[in-house]
Amino acid sequence: MPDSTLHEPVLAWYAEHQRDLPWRRPEASAWSVLVSELMLQQTPVARVLPVHEAWLERWPTPADLAAEPTGEAVRAWGRLGYPRRALRLHAAAVAIVERHDGVVPDAYDDLLALPGVGDYTAAAVASFAYGRRHVVLDTNVRRVIARVVGGVEHPPASLTRAERDRAAALVPDDDATAATWAVAVMELGALVCTAANPRCPACPLASACAWRAAGCPPHDGPPRRGQAWAGTDRQCRGRLLAVLREADGAVHRSSLEAVWDDVPQRERCLAALVTDGLATRTGPDTYALP
DNA sequence: AAGGCGTGGGC
DNA sequence: TGCCCAAGCCT
């Protein structure tokens with residue numbers, strides 16, 4: 001029996017403050033929800049909105065995308081980042097056509113088996129698109145629970161069993177309320193209980209929050225690791241792929257050489273892009289999107 | 001099971 | 001100004 005004392009304030013807050021997002025509208029398809037979830041992995045809503053709209057217009061169903069070369073997905077992905085997600089979404093569309101008659105599956109296990117779909121995304125699609133009861137545990141929800149229940153500013157670096165148990169204990173019993181709870185807590189984390197500068201005065205859980213009751217103690221422990229960037233393979237890969245993405249057809253080596261000076265690193269990254277399926281060699285000195 | 005994987009906006 | 005961050009997944 002879940003502790004329901006937190007439900008009503010959060011559900012009421014959500015009813016009042018939820019954003020109108022395309023993938024949340026009643027007419028949104030499960031495919032729209034799945035596409036949004038892949039795009040939103042590590043990427044802000046504001047950047048996803050235009051790409052998601054164009055994507056759904058061009059490929060309204062999984063079968064539409066599955067019929068395209070993977071390179072078209074990579075190109076349409078644009079600057080969302082982590083372009084392997086575009087390949088995974090394309091592969092998911094192919095799997096949906098092959099294994100599920102072109103219909104996005106509603107069962108958690110079937111969703112989890114799709115490329116690019118992990119525990120969070122499988123639970124999110126089952127919950128948001130099909131109204132099923134699941135533990136939808138993303139970084140927003142983890143942060144809200146860490147603060148309200150755990151009394152600390154940030155959740156641990158990797159998901160723990162204790163966190164999952166806490167989250168599971170909070171999920172309402174019935175499917176419909178559980179699904180609304182999932183999206184509502186996420187929204188609270190995204191808009192109010194943010195990582196930096198949380199808007200506690202606007203929070204429906206302020207009076208119930210253990211972290212606030214403790215005086216909002218700052219994060220205690222090892223510094224949370226940021227991601228290295230300048231000079232890394234990731235930056236190099238991004239530069240190289242941007243050239244391929246923006247080109248109309250194949251490009252000569254010289255165009256790739258122009259965007260990265262370190263020769264061994266550039267060659268290593270180019271080879272890795274080919275291995276990853278994000279690029280193909282089309283001739284002795286030319287490359288293109290697959 | 002840490003670390004790799006893009007990108008750009010906000011403070 | 002840099003630094004931190006944004007609905008994770010995969011190996």
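All chains are named by letter (A, B, ...) in the order of the sequence lines, taking the proteins before the strands, and each is independently numbered beginning at 1. The figures here come from the full heavy-atom set of this structure, side chains too, leaving out hydrogens, waters and symmetry mates.
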Report which part of the nucleic acid Val141(A) touches: base, sugar-phosphate, or nothing (heavy-atom distance under 4.0 Å, all strands). nothing
So Thr194(A), base contact, sugar-phosphate only, or nothing? Heavy-atom distance under 4.0 Å. nothing
Base, backbone or nothing for each nucleotide of nucleotides 2-7 of chain B, written B, S, -, heavy atoms under 4.0 angstrom, 5' to 3'? ---BBB
ring-ring contact (aromatic ring centres under 6.0 Å, His included) for Trp31(A) and Trp59(A)? Distances and angles first, verdict last. CA-CA 10 Å; Trp31(A) 171 239; Trp59(A) 300 306; 8.7 Å; no
Do Gln265(A) and Trp260(A) get their side chains close enough for a donor-acceptor pair, meaning under 3.5 Å? yes
Ignoring hydrogens and geometry, is there a side-chain-to-backbone donor-acceptor pair from Glu187(A) to Val192(A) under 3.5 Å? no
Using a heavy-atom cut-off of under 4.0 Å over every strand shown, decide if Thr121(A) touches base, sugar-phosphate, or nothing. sugar-phosphate
Could you check whether Asp248(A) pairs with Arg75(A) (Lys NZ or Arg NE/NH1/NH2 to Asp/Glu carboxylate O, under 4.0 Å)? no
Under 4.0 Å, heavy atoms only, any strand: does Trp77(A) hit a base, just the sugar-phosphate, or nothing? nothing
I'd like the 5' and 3' limits of the part of DNA chain C contacted by chain A, with heavy-atom contacts below 4.0 Å. dC5(C) to dC10(C)
Reckon Ala196(A) touches a base, only the sugar-phosphate, or nothing at all at heavy-atom distances under 4.0 Å? nothing
Distance, C1' atom - from dA2(B) to dA7(C), rounded to whole angstrom: 22 Å
